[in-house]
Asks: 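Below you'll find the structure I mean.
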Amino acid sequence: MTYEEKALRRIPLEMIVIAAVIGLLAVLVFNPLTGLFILAGGLFSAVSFIWLKTALNQILGTDRRKAVRSGLVFYLIRLVLLLAVFSIIILFFPRMILAFAAGFSSLIMAFLIEAAMAFSQKKQWKV
């Protein structure tokens, strides 16, 4: 297994851990509901990342024309589901959307951690 494959396996777990830590801090600073929405955002982001990775592996394994069509359909369905989740949260819990978005953004922190780990293992910084 290559380094990239290992990193792609670690990222969802890192997202959940980051969201859990931020959620625990939010429970101390704000309230338990805020922490729960941050954790839920991180979990949703991790599931979305796993789903995207799995779907891309399946799509890229097919022929080019079919891959373009199925990829477009997949991204449209994914966009609709993301919009639906955010819309439901806005409708029922309008004050918690920022907490959910903070948890959902744990993907960015996971990517930064993976990038830092990759650069730390690099022997030569310039090419």
Side-chain angles (χ1 to χ4, degrees):
M1 186 178 299
T2 65
Y3 179 80
E4 291 82 10
E5 290 170 343
K6 289 178 185 177
L8 287 174
R9 286 181 180 242
R10 282 192 307 261
I11 287 174
L13 181 61
E14 290 173 1
M15 290 188 312
I16 293 170
V17 169
I18 291 167
V21 169
I22 295 171
L24 284 174
L25 292 173
V27 166
L28 297 174
V29 175
F30 299 109
N31 59 28
L33 190 60
T34 303
L36 181 66
F37 270 87
I38 290 173
L39 180 61
L43 289 172
F44 185 72
S45 182
V47 168
S48 179
F49 183 83
I50 292 169
W51 182 35
L52 177 66
K53 184 177 73 162
T54 304
L56 282 176
N57 284 337
Q58 291 173 354
I59 289 170
L60 294 177
T62 60
D63 66 343
R64 186 178 170 97
R65 285 186 170 219
K66 188 176 178 184
V68 170
R69 255 185 268 125
S70 60
L72 184 61
V73 169
F74 166 74
Y75 281 115
L76 289 176
I77 290 172
R78 188 169 183 269
L79 179 63
V80 167
L81 287 174
L82 286 171
L83 289 173
V85 167
F86 275 94
S87 297
I88 289 169
I89 292 171
I90 289 171
L91 285 174
F92 294 110
F93 301 99
R95 292 183 171 205
M96 292 295 133
I97 191 64
L98 290 178
F100 187 83
F104 193 80
S105 299
S106 63
L107 172 68
I108 296 167
M109 289 297 298
F111 280 160
L112 287 173
I113 290 169
E114 284 299 327
M117 288 171 46
F119 279 126
S120 70
Q121 293 178 356
K122 211 172 174 170
K123 304 243 188 288
Q124 181 181 357
W125 286 84
K126 291 184 180 182
V127 179

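Atom set for the values below is all heavy atoms of this structure, side chains included, hydrogens, waters and symmetry mates excluded.
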Asks: Does Leu79 belong to the same Ile/Leu/Val/Met/Phe/Trp/Tyr cluster as Val85, with side-chain heavy atoms less than 4.5 Å apart forming each link?
Replies: no
Asks: Taking only residues two or more places apart in sequence or in another chain, which ones pass side chain to side chain contact (heavy atoms under 4.5 Å, CB included) with Ile108?
Replies: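 Once residues adjacent in sequence are excluded, the partners of Ile108 under the side chain to side chain contact (heavy atoms under 4.5 Å, CB included) criterion are Ser105, Leu112.
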Asks: For the backbone of Gly42 and the side chain of Ser45, can you confirm whether one donor and one acceptor N or O come within less than 3.5 Å of each other?
Replies: no
Asks: Work out which heavy atom in Ala46 is nearest to a heavy atom in Ile16; give both atom names and the distance.
Replies: CB-CG1, 3.8 Å
Asks: If you draw a 6.0 Å radius around CE in Met109, do more than 12 non-hydrogen atoms from other residues or ligands fall strictly inside?
Replies: no
Asks: What class does the angle between the rings of Phe44 and Phe100 fall in, given that below 30° is parallel, 30 to 60° is tilted and above 60° is perpendicular?
Replies: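 Answer is tilted, since the angle falls between 30° and 60°.
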Asks: Using every non-hydrogen atom in the two residues, find where Ile97 and Pro94 come nearest and quote the distance to one decimal.
Replies: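 For Ile97 versus Pro94, the nearest heavy atoms are CG2-O, 3.5 Å.
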Asks: Hey, could you give me the CD1/CZ distance between Ile50 and Arg9, rounded to the nearest 0.5 Å?
Replies: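 Between atom CD1 of Ile50 and atom CZ of Arg9 there are 10.5 Å.
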Asks: Side chains of Leu107 and Phe111: closer than 4.5 Å at any heavy-atom pair?
Replies: yes
Asks: So how far is it from Met117 CE to Glu14 CD, rounded to the nearest 0.5 Å?
Replies: 6.0 Å
Asks: Near Phe30 CZ, under 6.0 Å, is it more than 12 heavy atoms from other residues, nucleotides or ligands?
Replies: no
Asks: Quick check for you: to the nearest 0.5 Å, what is the distance between Ile18 atom CD1 and Ile38 atom CD1?
Replies: 13.0 Å
Asks: Which pairs pass salt bridge (Lys or Arg N to Asp or Glu O under 4.0 Å) with one or both residues in residues 88-117, sequence neighbours excluded?
Replies: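 Listed by first then second residue: Arg10-Glu114.
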Asks: Hey, any chance Ile88 and Phe37 share a hydrophobic cluster, counting ILVMFWY side chains that come within less than 4.5 Å of each other, even indirectly?
Replies: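 Hydrophobic grouping puts Ile88 with Phe37.
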Asks: Identify, with sequence neighbours excluded, every residue that meets ring-ring contact (aromatic ring centres under 6.0 Å, His included) alongside Phe74.
Replies: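 Result, ring-ring contact (aromatic ring centres under 6.0 Å, His included) vs Phe74: Trp51.
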Asks: Leu43, Met15: one ILVMFWY side-chain cluster at the under-4.5 Å cut-off?
Replies: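 No, Leu43 and Met15 fall in different hydrophobic clusters.
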Asks: Membership question, hydrophobic clusters at under 4.5 Å side-chain separation (ILVMFWY): are Leu91 and Phe104 in the same one?
Replies: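 Yes, same cluster.
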Asks: Using the rule given for side-chain contact (heavy atoms from CB on, under 4.5 Å), can you reason through Phe49 versus Leu8, listing the C-alpha separation, both sets of side-chain angles and the distance that settles it, and then say yes or no?
Replies: CA-CA 9 Å; Phe49 183 83; Leu8 287 174; 3.7 Å; yes
Asks: Apply side-chain contact (heavy atoms from CB on, under 4.5 Å) to residues Leu24 and Leu28 and explain how you reach the verdict.
Replies: CA-CA 7 Å; Leu24 284 174; Leu28 297 174; 5.9 Å; no
Asks: Looking only at heavy atoms, what is the nearest atom pair of Val27 and Gly35, with distance?
Replies: CG2-CA, 3.9 Å
Asks: What is the minimum heavy-atom distance between Gln121 and Tyr3, and which atoms define it?
Replies: OE1-CE1, 3.4 Å
Asks: What's the shortest heavy-atom distance between Ala26 and Thr34, and which atoms?
Replies: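 Scanning both residues completely, I find the closest heavy atoms to be CB-CG2, 4.1 Å.
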Asks: I'd like to know if Phe92 and Leu39 are part of one continuous hydrophobic network [Ile/Leu/Val/Met/Phe/Trp/Tyr, side-chain heavy atoms within less than 4.5 Å].
Replies: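 Leu39 does not cluster with Phe92.
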